[in-house]
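Note sheet for the following structure.
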Amino acid sequence: MPSTLEILRYPDARLHTVAKPVAAVDQRIRDLSQAMLATMYDANGIGLAATQVNVHERLIVIDVSEERNEPLVIVNPSIVWASDEKHVGDEGCLSVPGIYDGVERAVEVHVDYTDAQGQAQTLKATDLLAVCIQHEMDHLMGKVFVEYLSPLKRNRIKTKLQKQLREER
């Protein structure tokens with residue numbers, strides 16, 4: 001099993017780095033995606049963006065299956081269509097541990113991407129998978145879900161997480 005990676009925690013400034021496109025889907029990207037999946041599973045997450053492990057390339061991994069056995073490796077994703085219908089759902093984030101709050105997202109998205117074998121794919125995602133893709137793609141743009149919240153809530157979260165980090169050290 002690949003070793004796990006360190007997940008950056010909000011308000012780490014590196015989480016605001018905009019990811020660059022992956023130049024080639026090669027063994028380095030396949031190895032990174034496997035390490036990211038191991039990290040995500042270890043942290044009981046359903047999605048992880050490369051930005052969150054301090055690699056600023058357009059790569060995300062997702063597994064929303066109950067059995068945790070349907071990993072998706074999504075390279076250079078692009079949302080080509082999003083439904084007008086929106087839904088507000090509670091989101092959490094491995095970079096913002098223990099914090100959940102409502103974020104409005106499209107109910108369905110269509111995503112063009114490259115898979116781990118370097119093949120072009122289109123994914124039609126709904127419900128939790130659609131939300132997860134939008135959440136992880138925000139990370140690639142340097143955006144953390146708490147930025148959708150009010151400044152007051154965001155500052156409370158930042159203060160709470162900074163205190164947790166100090167206590168851990």
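- The side-chain contact (heavy atoms from CB on, under 4.5 Å) test with Asp112 singles out one residue from Asn76, Leu123, Val80, and that residue is Val80.
- Nearest approach of Ala35 to Ser3, heavy atoms of both residues: CB-O, 3.7 Å.
- Among Leu59, Thr4, Asp31, the one residue that satisfies the side-chain contact (heavy atoms from CB on, under 4.5 Å) test with Met36 is Leu59.
- Scanning both residues, Ala116 and Val25, for their nearest heavy atoms gives O-CG1, 3.3 Å.
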Between Thr122 and Val111, is the side-chain contact (heavy atoms from CB on, under 4.5 Å) condition met? List the steps. CA-CA 5 Å; Thr122 298; Val111 181; over 6 Å; no
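- In this structure the side chain of Gln162 never reaches within 4.5 angstrom of the side chain of Glu167, judged on heavy atoms.
- When only modelled atom types and interatomic distance are considered, Asp138 and Gln134 share no side-chain donor-acceptor pair under 3.5 Å.
- In this structure, Gln34 and Arg30 have side chains that are not in contact, with every pair of non-hydrogen atoms separated by 4.5 Å or more.
- Arg28 has a carboxylate O that lies under 4.0 Å from a charged side-chain N of Glu57, or vice versa, which qualifies the two as a salt bridge.
- A salt bridge does not link Lys153 with Glu147: none of the charged nitrogens is closer than 4.0 Å to a carboxylate oxygen.
- Using modelled atom types, one finds no donor on one side chain facing an acceptor on the other under 3.5 Å when comparing Thr126 with Glu108.
- For Lys143 and Tyr148, the positive end sits near the middle of the six-membered ring, less than 6.0 Å away and at most 45° from its axis.
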side-chain contact (heavy atoms from CB on, under 4.5 Å) between Tyr41 and Asp63: does it pass, once the steps are laid out? CA-CA 9 Å; Tyr41 290 133; Asp63 188 344; 2.5 Å; yes
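- Taking CD1 of Ile60 as the reference point, atom CG of Leu48 lies at 10.0 Å (rounded to 0.5 Å).
- Between Asp12 atom CG and Leu161 atom CG the span is 11.5 Å, to the nearest 0.5 Å.
- Looking at heavy atoms from C-beta onward, Val73 lies out of side-chain contact with Asp115 at the 4.5 angstrom threshold.
- Within 6.0 Å of the CG atom in Asp90, the count of heavy atoms belonging to other residues, nucleotides or ligands exceeds 12.
- His110 NE2: more than 12 foreign heavy atoms inside a 6.0 Å radius.
- Between atom CD1 of residue Ile157 and atom SG of residue Cys93 there is a gap of 10.5 Å, rounded to the nearest 0.5 Å.
- Connection of Tyr113 to Ile62 is established within a shared hydrophobic cluster, with ILVMFWY side chains joined at heavy-atom distances below 4.5 Å, either directly or through further cluster members.
- What you find for Phe145 and Asp101 is that their closest heavy atoms are CE1-N, 4.0 Å.
- When side chains are defined from C-beta on, Lys158 does not count as touching Lys163, because their heavy atoms never get closer than 4.5 Å.
- Counting heavy atoms from C-beta on, the side chains of Val61 and Ile74 never come closer than 4.5 Å.
- Under the 30°/60° scheme for interplanar angles, the aromatic rings of His16 and Tyr10 are found to stand perpendicular.
- Under a hydrophobic clustering in which Ile, Leu, Val, Met, Phe, Trp and Tyr are joined whenever their side-chain heavy atoms come within less than 4.5 Å, directly or via other members, Leu94 and Val144 fall into different clusters.
- Ala130 and Ala125 get closest at one heavy-atom pair: CB-O, 3.5 Å.
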Under the side-chain contact (heavy atoms from CB on, under 4.5 Å) rule, what do Arg58 and Met141 come out as? Steps first, then yes or no, please. CA-CA 9 Å; Arg58 294 184 59 77; Met141 297 307 297; 3.8 Å; yes
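- Around the CD atom of Glu66, the shell of radius 6.0 Å holds no more than 12 heavy atoms that belong to other residues, nucleotides or ligands.
- Taking 4.5 Å as the limit, every side-chain heavy atom of Pro71 sits out of range of all side-chain heavy atoms of Met40.
- How far CD of Gln52 is from CD1 of Ile7: 6.5 Å, rounded to the nearest 0.5 Å.
- Residue Arg154 holds its CZ atom at 13.0 Å from CZ of Arg156, rounded to the nearest 0.5 Å.
- Counted within 6.0 Å of NZ on Lys86, heavy atoms from surrounding residues, nucleotides or ligands total more than 12; the atom is thus considered enclosed.
- Around atom CD of Glu6, no more than 12 heavy atoms belonging to other residues, nucleotides or ligands sit under 6.0 Å away.
- Closest non-hydrogen pair, Leu5 versus Thr39, comes out as N-OG1, 2.7 Å.
- Between Thr114 and Gln119, the closest side-chain pair of non-hydrogen atoms is not below 4.5 Å.
- Here the CG atom belonging to Leu128 is positioned 11.5 Å from the CZ atom belonging to Arg105, to the nearest 0.5 angstrom.
- Shortest non-hydrogen contact noted between Leu140 and Pro77 is CD1-CG, 3.8 Å.
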